[in-house]
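Counting starts at 1 for both ligands and their atoms, in listed order. Positions are given from 1 along the sequence.
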Amino acid sequence: MKVLKFGGTSVGSAESIRNVKAIIESQNERKIVVVSAMSGVTNKLVEISTHLQSQKGENLPSLLQELKEKHLKLISELFPDSETQRVTNHLFEMQFAQFEEVISQEYHEGLEASIVTFGETFLSFIFSRYLENEGLSNTLLDAKDFMQISSVENPDIPTVEKLLQETLKREISSDLYITQGFVRLDRNRNISTLNRGGSDYSATIIAAAINASEVQIWTDIDGFHNNDPRFVENTSPLLNLTFEEAAELAYFGAKILHPQTVSPVKERNIPIYLKNTFTPKAPGTKISSDVKSKGLKAISAKDGITAIKIKSNRMLMAHGFLRKIFDVFDKHETAIDMITTSEIAISLTIDDNQNLDRILLELDAYGEITVDSEHSIICVVGEDVINDKDTFRLFELLNELPVRMISYGGSSNNISLLVDTKNKVEALRLLNRKLFEKTVHTEN
Ligand code: ADP
Ligand code: ASP
Ligand code: MG
């Protein structure tokens, strides 16, 4: 069985959905298709939830109207026959009434996830009926029946596997299953999410749970590019990436993949193909364990980083000192991304500021603390990157921009630089020129 995931733009209009149908039809193997919400819908749902939370309801009726009309318009375009259109409209209206019931509850913390995951519920329903109407028989699965995931960072795949097998036994057997990305149930069986962009991760968790032959992630770009195309011109798609390279790039901000996408399939050696729904013939990117080439491959950047420096007059590297520092972060359940040390100081970065005040209060006992917020980690990735003949050029960046930290050696496929976020785009462009635009890459 294969798993195919289609992102927001791929299911964002009737025309795109017709492309998706053609892609599904062109492949014979049994499949589970994971869909996102239509593009823009999750943002709208977040807006609705924020309005409810702040009890500023004046824009609510128009937001609800826009949401409903967007889906009704899609139905009218996908179902030309008036009778099927009428029935689909009616069923959708019933689903929308359920949504309105959810939002009419008094706001509580758990409500947000129930609201924001409705985009996937709406779209998967319309999509499944559309395929059926076009002669592609399929079974719609409710992801809440099997995506029991207590920890987003560490999903228990055997539990998902067991629940998914039970679901498949219970539902009508098919060669084509449709389900929703993004949603999960937490340890108390309450509706939650895999965080924004989480449908990629839904796809790889499901692929791991059914031991799929491959995962295809269909989006609006022709594969993983060697730099962020939103900020840099002249980027190009990569034919191959290793699991490690892709994991590193995704974790350090490459928006094309949710940060945790790679881990469930890496352990089981299930390849991921990144493909463009709008140019399906383009080769895209294969992510697998094959090392096709070594050296510099790609750059990504992750924002929202806080750097903390602890400067001590005492012998900093004395035995036990680092453990005490790490214990503070551990106690406050805050992960450290980058770390560098010198004889008198240690610098480290975090991307989660929730417990920053408490952490700083405790660190105070160990020395003088400096905090720099609004930084970005720039991550230069490639197997054995340090031995690439062009890698030295990245240090030329130091002539042009202030760099707060540099780190290499945690793994042999990543060099990380920390810069002020206001210099991030310039840093990405400079690095692109220095590392990629000078050389002609024939094979990647
Ligand atoms: P989807 O809705 O299909 O999940 P996303 O918007 O989440 O799509 O991801 C695709 C987008 O990621 C691209 O349109 C592109 O702007 C952005 N992106 C950021 N970094 C990269 C990269 N290194 N390679 C390709 N796309 C990238
Ligand atoms: N619809 C969700 C989001 O916008 C999940 C996804 O698209 O992957 O974040
Ligand atoms: Mg995405």
- Query: Distance only, no hydrogens: is a donor on one side chain within 3.5 Å (strictly under) of an acceptor on the other, for Thr121 and Gln95?
  - Reply: no

- May I ask you to list the atoms of ligand 1 that are less than 4.0 angstrom from any heavy atom of Phe224? 23 (N), 24 (N)

- Task: Could you tell me whether Thr219 approaches ligand 1 through its side chain, its backbone, both or neither, with non-hydrogen atoms closer than 4.0 Å?
- Result: both

- Looking only at heavy atoms, is any part of Asn227 under 4.0 Å from ligand 1, and if so is it the side chain, the backbone, or both, or is it neither? backbone

- Task: Output yes when the distance from some N or O of ligand 2 to some N or O of Asp200 is under 3.5 Å, and no in every other case.
- Result: no

- Message: Less than 4.0 angstrom from a charged side-chain N to a carboxylate O is my criterion; do Lys266 and Glu244 meet it?
- Response: yes

- Basic-acidic side-chain contact under 4.0 Å: Lys434, Glu396: yes

- Item | Sub-3.5 Å N/O-N/O distance, Gly197 and ligand 2 | yes

- Task: Look at atom 6 (C) of ligand 2 and say which protein heavy atom is nearest, naming residue and atom and giving the distance to 0.1 Å.
- Result: Ser199 OG, 3.3 Å

- Look at the aromatic rings of Phe122 and Phe99 and report parallel, tilted or perpendicular, splitting at 30° and 60°. perpendicular

- Message: If the threshold is 4.0 Å, N to carboxylate O, is there a salt bridge linking Asp228 and Lys255?
- Response: no

- For the residue pair Phe6 and Trp218, categorise the inter-ring angle as parallel (less than 30°), tilted (30 to 60°) or perpendicular (more than 60°). parallel

- Task: Determine whether any heavy atom of His258 lies closer than 4.0 Å to an atom of ligand 2.
- Result: no

- Provide, to 0.1 Å, the distance between atom 16 (O) of ligand 1 and the closest protein heavy atom, together with that atom's residue and name. Arg230 CG, 3.3 Å

- Query: With a 4.0 Å cut-off on heavy atoms, is Ser199 touching ligand 1?
  - Reply: no

- Message: Counting only heavy atoms, tell me which of Gly223, Ala37, Ser10 gets closest to atom 25 (C) of ligand 1.
- Response: Gly223

- Query: Would you call Asp222 and Lys275 a salt bridge, taking side-chain N to carboxylate O under 4.0 Å as the test?
  - Reply: no

- Query: Does a sphere of radius 6.0 Å around CD in Glu134 hold more than 12 heavy atoms from other residues, nucleotides or ligands, not counting ones at 6.0 Å or beyond?
  - Reply: yes

- Task: Tell me, yes or no, whether the heavy-atom count around Glu109 atom CD, taken from other residues, nucleotides or ligands under 6.0 Å, exceeds 12.
- Result: no

- Residue Lys70 excluded, over 12 heavy atoms near NZ under 6.0 Å: yes

- Answer side chain, backbone, both or neither: which part of Arg196 comes under 4.0 Å from ligand 1, heavy atoms only. neither

- Message: Taking the basic N atoms (NZ, or NE/NH1/NH2) and the acidic carboxylate oxygens, is any pair closer than 4.0 Å for Asp175 and Lys31?
- Response: no

- Note on the structure: the protein heavy atom lying closest to atom 9 (O) of ligand 1 turns out to be Ile256 CA, 3.6 Å

- Task: For atom 2 (O) of ligand 1, find the nearest protein heavy atom and state the residue, atom name and distance (0.1 Å precision).
- Result: Gly8 N, 3.1 Å

- Query: Closest non-hydrogen protein atom to atom 14 (O) of ligand 1, residue and atom name please, with distance?
  - Reply: Asp220 OD1, 2.8 Å

- Item | Carboxylate-amine/guanidinium contact Glu77 Arg18, below 4.0 Å | no

- Query: Which protein non-hydrogen atom lies closest to atom 4 (O) of ligand 2, naming both residue and atom, and how far is it?
  - Reply: Arg196 NH2, 3.0 Å

- Task: Inspect the surroundings of CZ in Arg187 and state if more than 12 heavy atoms from other residues, nucleotides or ligands are less than 6.0 Å away.
- Result: no

- Query: Under 4.0 angstrom from ligand 2, any heavy atom of Gly8?
  - Reply: no

- Message: Looking at Asn413 and Asp384, would you say the former's side chain and the latter's main chain have a donor-acceptor pair under 3.5 Å?
- Response: no

- Report, in ascending order of atom number, the atoms of ligand 2 lying under 4.0 Å from any heavy atom of Thr42. 1 (N), 2 (C), 3 (C), 4 (O)

- Which residue and non-hydrogen atom of the protein lie closest to atom 19 (C) of ligand 1, and at what distance in Å? Asp228 OD1, 3.5 Å

- Query: Where does Lys255 meet ligand 1, judged by heavy-atom distances below 4.0 Å: at the side chain, the backbone, both, or neither?
  - Reply: both

- Query: Hey, which atoms in ligand 2 end up nearer than 4.0 Å to a heavy atom of Glu120?
  - Reply: 1 (N), 2 (C), 5 (C)

- Identify, for atom 24 (N) of ligand 1, the protein heavy atom at the shortest distance, and state residue, atom and that distance. His225 N, 2.8 Å

- Item | Ile378 versus Lys424, closest heavy-atom pair with distance | CD1-O, 4.2 Å

- Task: Using a strict 4.0 Å cut-off to heavy atoms of Ser36, name the atoms of ligand 2 that fall inside it.
- Result: 6 (C), 7 (O), 8 (O)

- Per-atom contacts, ligand 1 versus Ile221 - under 4.0 Å to a heavy atom: 13 (C), 25 (C), 26 (N)

- Query: Lys5: heavy atom below 4.0 Å from ligand 1, yes or no?
  - Reply: yes

- Counting only heavy atoms, which portion of Pro229 has something under 4.0 Å from ligand 1: side chain, backbone, both, or neither? side chain

